[in-house]
Amino acid sequence: MIQLENIQVGYGHCVVAEYAGDLAFAKAKLISIIGANGSGKSTLLRAIASGQHLIHGKVLLENQNWRDYNALERSRFISIVLTERAFSFFLSVRELLELSRAPYTNYIGKLSDADREIINEVLESFDLKGLENRRAGTLSDGQLQRVLIARAIVQDTEYILMDEPTSHLDINHKADLLMLLRDYCHEKGKTIIYATHEIQLALSLSDEVVSIHKGNITHQSTVDFIASNQLQSIFPSKNVVFENGKIEFRFE
C-alpha cells in the first residue's frame, strides 16, 4: 500500500497542493487525479514516485518510508509513465519492453522464459504484436504512447503512476485503453494512479478520484465524488455547466 502522511508538494518553499492527514491508496484500483491546469497533478505524481517536489510529509511504501528503499527495490514496487520521453528512439518496441524487466534479471540482463512470456502477453493485450520489431522513432505519437504504457505494465509493479496516459490517442482508443487498464487492475490486483484532463472518461471508469482544488487534495470513491457536485467549482466556466450528480456537462 502507498500512504501519504501530511504531505505538501510544490517547488522550493512554494506549496502547490497539500493533504492534512493520512491518505492511503489500496490495491486493485484505477485511481484518477483531476484538477485544473497548474493545480499540481503532475507534481503530486512525481512526489509519490520519487520524492521529487515533496516539501513536507512522508510517502510510505508498505508502511516503510520511501527513502528507506534502494532504487532496485523501488523499481519493483512502482513504475511510472511521464510525459517526457527519455530513451533511445533507435530501440525496437520489443527491446524497450525487454529493458523493463531489468529489475528482475541477473547482472548481465539475461531474460528468462517467464520474462518473455510476460512481454508477449503485454504485446498481445496492447495490440502491439505487429509493431514489436519497429523502431520507436518510426511510430506515431499514439502508437508510442501505447508502447510506453505497455513498458510500465511489463515492469510488473504493485503500483503504476501515469501522467496523461491517454494523450495522443483518439477518443475510441482513450476509452479502450482506460477500460483495459481498469480490467488489469481488478484482475491482477494492481493499482494505477493517473493524472488526466479527460474528466468524463475518468469519472466513468475510475474506482476512485483524487481531486486538487485551490491547493487542497481530496480522495474519494468516484461515486461519492460525483454525488458531491464539486466539478463546477473545480472547473469554473460561464460556458460549461456540469449537471449535478452526473458525469455529463453542457455548453451554454
Identify each donor-acceptor pair in which a side-chain atom of residues 51-62 lies under 3.5 Å from a protein atom, sequence neighbours left out, and give them as a table.
{"residue": "H53", "atom": "ND1", "partner": "G10", "partner atom": "O", "Å": "3.4"}
{"residue": "E62", "atom": "OE1", "partner": "M1", "partner atom": "N", "Å": "2.9"}
{"residue": "E62", "atom": "OE2", "partner": "M1", "partner atom": "N", "Å": "2.9"}
{"residue": "E62", "atom": "OE2", "partner": "K27", "partner atom": "NZ", "Å": "3.0"}

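Looking at every heavy atom in both residues, Q200 comes nearest to S204 through O-OG, 2.8 Å. Contact record, A152 with V81: CB-CG2, 3.6 Å, taken as the closest heavy-atom pair. In plain terms, the two heavy atoms of A202 and I34 that are nearest each other are CB-CG2, 4.5 Å. When every heavy atom of N120 is checked against every heavy atom of R94, the shortest pair comes out as OD1-NH2, 2.6 Å. Minimum heavy-atom separation, L169 to K174: O-CE, 3.0 Å. When all heavy atoms are compared, the tightest approach of S100 to V154 is CB-CG1, 4.0 Å.
Side-chain atoms of I33 and L45, non-hydrogen and from C-beta on, do get closer than 4.5 Å to each other. At least one side-chain heavy atom of H213 sits less than 4.5 Å from a side-chain heavy atom of I234. Counting only heavy atoms from C-beta outward, the side chains of S92 and R134 never approach each other to under 4.5 Å.
The side chain to side chain contact (heavy atoms under 4.5 Å, CB included) test with I31 is passed by exactly one of D207, I193, I192: I193. Considering K190, R76, R101 in turn, K190 is the only one that fulfils the side chain to side chain donor-acceptor pair (under 3.5 Å) rule with D156.
No donor-acceptor distance shorter than 3.5 angstrom exists from the side chain of S32 to the backbone of V209, with no hydrogens or angles considered. Although no hydrogens or angles enter the test, the distance criterion places a donor-acceptor pair under 3.5 Å between the side chain of Q232 and the main chain of F242. Listed for the D170 side chain is no donor-acceptor partner under 3.5 Å among the backbone atoms of N172. Between the S50 side chain and the R46 main chain, a donor and an acceptor come within less than 3.5 Å of each other. With hydrogens and angles ignored, the 3.5 Å screen pairs a side-chain donor or acceptor of S233 with a backbone N or O of Q230. Without hydrogens or angle criteria, S79 side chain to I160 main chain gives no donor-acceptor distance under 3.5 Å. When atom types are taken as modelled, the side chain of R146 and the backbone of A150 share no donor-acceptor pair closer than 3.5 angstrom. Without hydrogens or angle criteria, T191 side chain to K29 main chain gives a donor-acceptor distance under 3.5 Å.
Rounding to the nearest 0.5 Å places CG of L99 at 6.0 Å from CG of L91. Taking CG of L139 as the reference point, atom CG of L128 lies at 8.5 Å (rounded to 0.5 Å). If you take CD1 on I48 and CD1 on I78, they are separated by 7.5 Å, rounding to the nearest 0.5 Å. To the nearest 0.5 Å, atom CD of residue Q143 and atom NE2 of residue H173 are 9.5 Å apart. Atom CG of L148 is separated from atom CG of L96 by 7.5 Å, given to the nearest 0.5 angstrom. Atom CG of D68 sits about 10.0 Å away from atom CZ of R74, to the nearest 0.5 Å.
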Candidate pair L201 and I199, rule side-chain contact (heavy atoms from CB on, under 4.5 Å), full reasoning: CA-CA 6 Å; L201 281 174; I199 304 304; over 6 Å; no

Side chain to side chain donor-acceptor pair (under 3.5 Å) assessment of D163 paired with S42: CA-CA 6 Å; D163 196 1; S42 298; 2.7 Å; yes

Working for side chain to side chain donor-acceptor pair (under 3.5 Å), residues H197 and E164: CA-CA 7 Å; H197 286 101; E164 298 290 346; 2.6 Å; yes

Stepwise side-chain contact (heavy atoms from CB on, under 4.5 Å) check, I149 with L181: CA-CA 10 Å; I149 293 168; L181 295 179; 4.1 Å; yes

Residues E98, R151; criterion salt bridge (charged side-chain N to carboxylate O under 4.0 Å, His left out); working and verdict: CA-CA 8 Å; E98 288 175 348; R151 184 175 66 165; over 6 Å; no

I217 and L4: CA distance, side-chain angles, deciding distance, side-chain contact (heavy atoms from CB on, under 4.5 Å) verdict: CA-CA 11 Å; I217 301 170; L4 310 180; over 6 Å; no

Q3 vs Q64, side chain to side chain donor-acceptor pair (under 3.5 Å): CA-CA, chis, key distance, verdict: CA-CA 9 Å; Q3 296 169 270; Q64 187 173 339; over 6 Å; no

Verdict with supporting geometry, T43 and Y11, side chain to side chain donor-acceptor pair (under 3.5 Å): CA-CA 9 Å; T43 306; Y11 301 85; 2.9 Å; yes

Criterion side-chain contact (heavy atoms from CB on, under 4.5 Å) on I226 and V223, from CA distance to verdict: CA-CA 5 Å; I226 294 170; V223 171; over 6 Å; no

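Listed by first and then second residue, the ring pair (Phe, Tyr, Trp, His ring centres under 6.0 Å) pairs involving residues 215-239 are F25-H219 (not counting sequence neighbours). Pairs passing the salt bridge (Lys or Arg N to Asp or Glu O under 4.0 Å) check and including a residue from residues 2-25, sequence neighbours excluded, do not occur. Contacts classified as ring pair (Phe, Tyr, Trp, His ring centres under 6.0 Å) and involving residues 63-84 (residues at least two apart or in different chains) are given here: F77-Y159. The ring pair (Phe, Tyr, Trp, His ring centres under 6.0 Å) contacts involving residues 109-128 comprise nothing, where partners must be two or more places apart or lie in separate chains.
No more than 12 heavy-atom neighbours from other residues, nucleotides or ligands sit within 6.0 angstrom of NZ on K188. Annotation for D113: atom CG does not count as buried by contact number, only 12 or fewer foreign heavy atoms lying within 6.0 Å.
Between R116 and E121 there is no salt bridge, since no side-chain N of the basic residue sits under 4.0 Å from a carboxylate O of the acidic one.
A donor-acceptor pair shorter than 3.5 Å can be found between the side chains of S211 and T218. A donor-acceptor pair shorter than 3.5 Å cannot be found between the side chains of Y194 and T166.
In the hydrophobic clustering of this structure, L131 groups with L123; members are Ile, Leu, Val, Met, Phe, Trp, Tyr whose side-chain heavy atoms approach within less than 4.5 Å, directly or through other members. Taken together through direct or relayed side-chain contacts under 4.5 Å among Ile, Leu, Val, Met, Phe, Trp and Tyr, F90 and L144 form parts of separate hydrophobic clusters. Hydrophobic clustering (side-chain heavy atoms under 4.5 Å, transitive across Ile, Leu, Val, Met, Phe, Trp, Tyr) groups L161 together with L82.
With sequence neighbours excluded, no residue forms a ring-ring contact (aromatic ring centres under 6.0 Å, His included) with Y184.
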